[in-house]
A.B. asks: 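This is the structure, below, for whatever I ask next.
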Amino acid sequence: MEGDKLLSESVVTEFILLGLSSSQELQVFLFFMFSVFYGVAVLGNILIILTVITDSHLHSPMYFLLSNLSFIDVCQATFATPKMIADFLNEHKTITFQGCMSQIFFLHVFGGSEMVLLVAMAYDRYIAICKPLHYTTIMSRKVCTVLVGVSWAIGTIHSASHLAFTVNLPFCGPNKVDNFFCDLPLVIKLACLNTYILEILVLTNSGLLSLICFLLLLISYAIILATVHHQASGGTSKALSTLSAHITVVVLFFGPLIFIYIWPFESFPIDKFISVLFTVFTPLLNPIIYTLRNKDVKEAIRKLRNQHMGSKRVF
């Protein structure tokens with residue numbers, strides 16, 4: 001009875017986030033730097049979404065999928081970054097148990113959904129370049145909607161399978177997470193039991209989804225590049241430009257994941273940099289890559305800006 005009372009009093013109700021740095025001066029600098037990065041990432045992706053919605057020339061499968069990628073990037077940038085920015089000004093960086101579990105859930109929902117959506121975007125480019133005559137028939141609005149729905153469904157199932165066992169783990173002692181958000185491997189290691197089997201399950205779940213998506217992307221882009229190489233049409237350069245933007249995003253997204261899954265439960269100083277890259281810089285770079293390398297999007301943004309300026313002059 002006394003042992004049960006002691007256990008109930010020692011159950012962890014909050015976690016301490018150690019953050020990116022313990023230096024107060026550096027934290028003030030990081031506060032302003034990440035505030036700018038976060039603002040640009042969110043506004044840039046929202047601009048892409050609004051541009052695709054308002055410009056009829058962009059009502060095509062490729063831009064429909066791109067706007068959904070931008071929506072995921074807004075979510076990916078928001079699930080942990082605002083708290084990180086606020087914590088730079090707080091001496092005690094804590095998060096409730098429920099908040100920690102929520103961060104783990106949303107991280108894997110958005111991460112898993114983006115993986116599958118990148119595969120859908122590669123499939124779209126494959127049909128457009130390798131089977132152009134059948135493109136409008138195959139990539140109908142209904143098919144695109146199904147692809148987006150499947151990406152969210154897989155991301156949600158992937159995340160729920162992680163959370164199903166994590167939320168019921170006994171946390172009764174250590175509660176310091178050496179990062180600026182609750183990362184699943186770091187939180188699992190704080191549980192008061194042998195977590196070896198759980199670590200293998202996490203690695204298998206996340207690693208398998210990442211590996212399948214990455215292999216599908218490699219196969220798709222290899223076929224597309226081989227097709228483009230043999231084409232001599234005037235649209236080849238445009239296809240290569242669009243394709244290079246897609247490949248750049250894939251490398252930026254899967255590069256950190258590959259590093260993480262090589263040593264999934266070992267801590268390295270570079271892990272925090274990878275976390276920042278995944279949650280802040282990738283959502284920031286995606287709109288830059290797609291807008292600066294895409295003439296259609298740049299022209300649509302210019303028209304949207306001119307319309308806005310015109311409406312302001314009227315008033």
A.B. asks: Do you reckon L18 sits in the same ILVMFWY cluster as L26, going by side-chain contacts under 4.5 Å, direct or chained?
C.D. replies: no
A.B. asks: State whether the side chain of N68 and the backbone N or O of F64 hold a donor-acceptor pair below 3.5 Å, judged by distance alone.
C.D. replies: yes
A.B. asks: So, for G112 and L209, which heavy atoms are closest and what is the spacing to 0.1 Å?
C.D. replies: CA-CD2, 4.0 Å
A.B. asks: Any non-hydrogen side-chain atom of E114 less than 4.5 Å from a side-chain atom of F253?
C.D. replies: yes
A.B. asks: Could you report the tightest heavy-atom contact between L58 and Y63, atom names first, then the distance?
C.D. replies: O-CB, 3.1 Å
A.B. asks: I'd like to check N179 versus K272 (side-chain heavy atoms, cut-off strictly below 4.5 Å). Are they in contact?
C.D. replies: yes
A.B. asks: So if you build clusters from Ile, Leu, Val, Met, Phe, Trp, Tyr with side-chain heavy-atom gaps below 4.5 Å, do I157 and F106 land together?
C.D. replies: no
A.B. asks: One pair to check against side-chain contact (heavy atoms from CB on, under 4.5 Å): F278 and Q76. What are the steps and the verdict?
C.D. replies: CA-CA 8 Å; F278 189 74; Q76 186 80 1; 2.6 Å; yes
A.B. asks: I'd like to know if L43 and M33 are part of one continuous hydrophobic network [Ile/Leu/Val/Met/Phe/Trp/Tyr, side-chain heavy atoms within less than 4.5 Å].
C.D. replies: no
A.B. asks: Taking the side chain as every heavy atom from C-beta outward, state whether I154 and W152 have any atom pair closer than 4.5 Å.
C.D. replies: no
A.B. asks: First locate atom CZ of R125, then atom CG of L65, and finally report the distance between them rounded to the nearest 0.5 Å.
C.D. replies: 9.0 Å
A.B. asks: Working to the nearest 0.5 Å, report the span between CG of D178 and CG of L20.
C.D. replies: 10.0 Å
A.B. asks: To the nearest 0.5 Å, how far apart are NZ in K131 and OG1 in T137?
C.D. replies: 12.0 Å
A.B. asks: Would you check if the distance from the ring center of F79 to the ring center of F105 is below 6.0 Å?
C.D. replies: no
A.B. asks: Report yes or no: does N175 contribute a side-chain atom to a donor-acceptor pair with the main-chain N or O of E14 at less than 3.5 Å?
C.D. replies: yes
A.B. asks: Using atom types as modelled and distance alone, determine if a side-chain donor or acceptor of N194 lies under 3.5 Å from a backbone N or O of Y196.
C.D. replies: yes
A.B. asks: Got a sec, which residues hit salt bridge (charged side-chain N to carboxylate O under 4.0 Å, His left out) with K93, two or more places apart in sequence or on another chain?
C.D. replies: none
A.B. asks: Apply side-chain contact (heavy atoms from CB on, under 4.5 Å) to I85 and L30, showing your working.
C.D. replies: CA-CA 8 Å; I85 293 171; L30 292 175; over 6 Å; no
A.B. asks: Decide if the gap between the ring center of F29 and the ring center of F88 is smaller than 6.0 angstrom.
C.D. replies: no
A.B. asks: Report whether L284 and I49 are members of the same hydrophobic cluster (ILVMFWY, side-chain heavy atoms less than 4.5 Å apart, transitive linking).
C.D. replies: yes
A.B. asks: Apply side-chain hydrogen bond (donor to acceptor under 3.5 Å, both in side chains) to R302 and list each qualifying residue two or more places apart in sequence or on a separate chain.
C.D. replies: E299
A.B. asks: Donor-acceptor pair, N45 side chain versus A41 backbone, under 3.5 Å?
C.D. replies: yes
A.B. asks: Kindly state each residue pair satisfying ring-ring contact (aromatic ring centres under 6.0 Å, His included) with at least one member in residues 37-59, sequence neighbours excluded.
C.D. replies: F37-F281
A.B. asks: Hey, would you say the F171 and F15 ring centroids sit under 6.0 Å apart?
C.D. replies: yes
A.B. asks: Any sub-3.5 Å donor-acceptor pair from S113's side-chain atoms to F110's backbone N or O?
C.D. replies: no
A.B. asks: Can you name the side chain to side chain contact (heavy atoms under 4.5 Å, CB included) partners of I212, sequence neighbours left out?
C.D. replies: L208, L216
A.B. asks: Within a strict 4.5 Å, meaning less than it, do heavy atoms of the V250 and Y221 side chains meet?
C.D. replies: yes
A.B. asks: Would a 4.5 Å heavy-atom cut-off, applied to side chains only, mark V187 and D183 as touching?
C.D. replies: no
A.B. asks: Return the CG to CG distance between N286 and L66, rounded to the nearest 0.5 Å.
C.D. replies: 8.5 Å
A.B. asks: Any side-chain donor-acceptor pair under 3.5 Å between H162 and S206?
C.D. replies: yes
A.B. asks: Tell me, with the steps shown, if I138 and V143 meet side-chain contact (heavy atoms from CB on, under 4.5 Å).
C.D. replies: CA-CA 7 Å; I138 297 175; V143 170; 5.6 Å; no
A.B. asks: Could you please spell out the steps behind the side-chain contact (heavy atoms from CB on, under 4.5 Å) verdict for D124 and Y135?
C.D. replies: CA-CA 8 Å; D124 170 72; Y135 180 70; 2.5 Å; yes
A.B. asks: Can you name the side-chain hydrogen bond (donor to acceptor under 3.5 Å, both in side chains) partners of S159, sequence neighbours left out?
C.D. replies: none
A.B. asks: Can you find a pair of side-chain heavy atoms, one from V74 and one from I46, that are under 4.5 Å apart?
C.D. replies: yes
A.B. asks: Grab the two heavy atoms, one from D73 and one from P283, that are nearest each other, plus how far apart they are.
C.D. replies: O-CB, 3.5 Å
A.B. asks: Does D87 reach the side chain of F31, with side-chain heavy atoms less than 4.5 Å apart?
C.D. replies: no
A.B. asks: Can you measure from CG (L218) to SG (C213) and round to the nearest 0.5 angstrom?
C.D. replies: 11.5 Å
A.B. asks: Minimum heavy-atom separation for A128 and P132, please, with both atom names.
C.D. replies: O-CB, 3.4 Å
A.B. asks: Applying disulfide bond (SG atoms under 2.5 Å apart), which residue pairs with at least one partner in residues 39-128 are found, sequence neighbours left out?
C.D. replies: C100-C182
A.B. asks: Establish whether L193 and V12 are linked, either directly or via other cluster members, by ILVMFWY side-chain heavy-atom contacts under 4.5 Å.
C.D. replies: yes
A.B. asks: How far apart are the closest heavy atoms of F32 and V28, and which atoms are they?
C.D. replies: CD1-O, 3.1 Å
A.B. asks: Look at the side chain of S67 and the backbone N and O of V52, then say whether any donor-acceptor pair between them is shorter than 3.5 Å.
C.D. replies: no
A.B. asks: Which pair of heavy atoms, one from L147 and one from M139, lies closest together, and at what distance?
C.D. replies: CD1-CE, 4.0 Å
A.B. asks: Are S275 and F181 close enough that some pair of their side-chain heavy atoms sits under 4.5 Å apart?
C.D. replies: yes
